[in-house]
Amino acid sequence: MSGQSLNTLQGPMLEAIGAMEYFSLASIISILGLTIMTPIGGKLGDLVGRRNMVLFAGLVSMTCRIGLSFTSSAIAHILFRFVLGAATGAFISVPYILAREINEEKVVPRMMGFLASGMAVGGLLGGLIAGALMDLGYMRPAIVFPIIPLIIGVTLITLNLPNKKAERKIKVDVPGILTLTPALTILIIAINYAPKKGFTDIKVLGGLIIGIILAILFVKIEKKAEEPIIPFRLLKNKNYVILLVIGLIGYFYMNSMNIYAPLVAINVMQQPKSVAGILQLPRTIITMILPIFTGVWVAKKVTNHKIAMIIATALVAIPMFVMSFAGANASVILYMTMLGVTGIAESFRGVSITTMAQTCLEPQDLGIGTSLVNFVNTFAGLLSSSIFGIAYDLKTKANPADPALIASGASSIYMLAGIVSVVGVLIVLFMTKDIFNKEKGQLR
């Protein structure tokens, strides 16, 4: 609910403070915080307890929502978005870890289906309520209303969720955190400004060099760390790595849908903000219901996971290509229909890739391995937002508020998302043979 409401409000919020030129940067910074804290949050949850981690992150989220509603500065807006993204990343892995810990293996895909349905309901309500409040002229309530369900959720967690900690002593990889955070931040910001300033600009070039050096240093630190925040040793598992790549591709298109579709609806189609908030209504209805059934179907046979992954990637490519050719003349109905098709893809993705990756892990690696899956998924958003930001800024550089340029920028983004999804289909078809035994329907 929080994330989708911000996606709907991002354009109007930046317009209100005269900062539309920061649209792609605000998107990137928000996802940057999410990406950085996903693996760190998993480790801190083991240290202080998952309930305590969620409670603390929930308090930070509430504070940031209130701060966003009062800020009139682009810098403050971006800072609050970063911290809010980080707070979300701190507990994003918890439900996926618990789904595996408290359920038998055979019912985990069904539990993942329920999680997908819950997120779909939240996304629908977030966009719908935010858009409706904005159309009524209530910007501040539109920004802060997710605090209400957040308080309810925190209360339920306090009353029901055990504060489970790791039984062994946990060491936080401080050197890894201190290199990962600036490495990603500097690289992403440098990449974002490259289309505007040019790759030969001293600040952009310097940022790229420093970011790469820090990234290399981070890898070296993690390989020697006793308890790394990103366990590179798991990357020696070929099957697990292939599933990580498929998961990354499965998430790659999300920002094109969540961020740029509402932007086009409001600034190009000239639709009310409430309409932008319900663009994903058909998708949401599908992802509220279908994952429960796809989870049951996937659980019947291991090889059903492969079919689900093919559907999850192919049914993203098709609507992305359609939306890329629709351009400025696209209708709201077309957008809603195509986004609805991605809902079918999501219903198969959500119950297959993570659960399959978990089966490739040793029991002692379940927590950190699941956190790494979620890190890669959130990194997919960071990677795509950076690439999409470059494509969008190149198209809208002349005038960021021009509806025709906005439409052109969005079309190029949809085309990129479609191409990446086709690559995902090919990987599932030709690179997962060692994962499945077709005759027995079991893992090798």
Side-chain angles (χ1 to χ4, degrees), residues 1-9 95-96 99 109-135 142 145-146 148-149 152-153 250-251 253-266 269 271-299 307-323 326 330-354 377 381 414 417 421:
M1 183 177 289
S2 176
Q4 191 54 42
S5 66
L6 284 178
N7 291 334
T8 302
L9 295 174
Y96 299 97
R110 182 153 52 93
M111 294 302 104
M112 295 294 186
F114 283 124
L115 283 174
S117 296
M119 288 188 286
V121 173
L124 172 64
L125 292 176
L128 181 61
I129 296 172
L133 288 173
M134 277 296 297
D135 283 340
F145 81 87
I148 297 172
I152 296 172
Y251 265 88
Y253 79 100
M254 289 286 192
N255 286 327
S256 68
M257 171 186 69
N258 291 334
I259 297 174
Y260 291 94
L263 177 68
V264 171
I266 295 171
M269 301 178 189
Q271 295 293 325
K273 297 172 184 66
S274 56
V275 172
I278 62 170
L279 281 177
Q280 296 190 35
L281 178 60
R283 171 190 163 87
T284 302
I285 294 173
I286 292 169
T287 50
M288 284 168 56
I289 301 170
L290 188 56
I292 299 173
F293 298 99
T294 56
V296 173
W297 172 75
V298 163
I307 300 172
M309 292 178 202
I310 294 172
I311 296 172
T313 46
L315 289 189
V316 168
I318 294 171
M320 290 297 105
F321 285 135
V322 171
M323 292 169 69
S331 67
V332 171
I333 298 300
L334 175 65
Y335 263 53
M336 294 178 73
T337 302
M338 291 300 100
L339 295 181
V341 174
T342 69
I344 302 174
E346 180 65 16
S347 299
F348 283 93
R349 183 208 60 77
V351 301
S352 59
I353 300 175
T354 299
N377 291 344
Y414 298 138
S421 297

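Only heavy atoms go into these numbers, but all of them, side chains included; no hydrogens, no water, no symmetry mates. The structure presented is a predicted model; accordingly, all values stated were derived computationally and were not measured.
Of all heavy-atom pairs spanning A308 and S352, the tightest one is CB-CB, 3.8 Å. The two residues R283 and L339 have their closest heavy-atom pair at CB-O, 3.2 Å. Considering every non-hydrogen atom in both L279 and P282, the closest pair reads O-CD, 3.8 Å. Nearest heavy atoms, P319 versus M338: CB-O, 3.3 Å. Scanning both residues, A417 and Y253, for their nearest heavy atoms gives CB-CB, 4.0 Å. Minimum heavy-atom separation, G343 to S347: O-OG, 2.8 Å.
Checked against side chain to side chain donor-acceptor pair (under 3.5 Å), T294 has no partners two or more places apart in sequence or in another chain.
Between S5 and I129 the shortest side-chain heavy-atom distance does not fall below 4.5 Å. Contact check for V121 versus T284: no side-chain heavy atoms found under the 4.5 Å cut-off. Residues I353 and Y251 have side chains not in contact (no heavy-atom distance under 4.5 Å, counting atoms from C-beta outward). Side-chain contact between T287 and M119 is absent, with no heavy atoms from C-beta onward closer than 4.5 Å.
Counted within 6.0 Å of CG on L334, heavy atoms from surrounding residues, nucleotides or ligands total more than 12; the atom is thus considered enclosed.
One distance of note links CD1 of I310 with CG of L315; it measures 11.0 Å at 0.5 Å rounding. To the nearest 0.5 Å, the span separating CZ on F348 from OG1 on T313 amounts to 11.5 Å. One distance of note links CD1 of I286 with CD1 of I344; it measures 4.5 Å at 0.5 Å rounding. In this structure, the separation between CG on L290 and CD on E346 is 10.5 Å, given to the nearest 0.5 Å. If you take CZ on R349 and CD1 on I311, they are separated by 14.0 Å, rounding to the nearest 0.5 Å. Taking CG of L281 as the start and CE of M336 as the end, the distance is 5.0 Å to the nearest 0.5 Å.
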For residues 257-266, which side-chain N or O atoms pair as donor and acceptor with protein atoms under 3.5 Å away, sequence neighbours left out?
unit_1, atom_1, unit_2, atom_2, d
N258, OD1, Q280, NE2, 2.9
N258, ND2, M254, O, 3.4

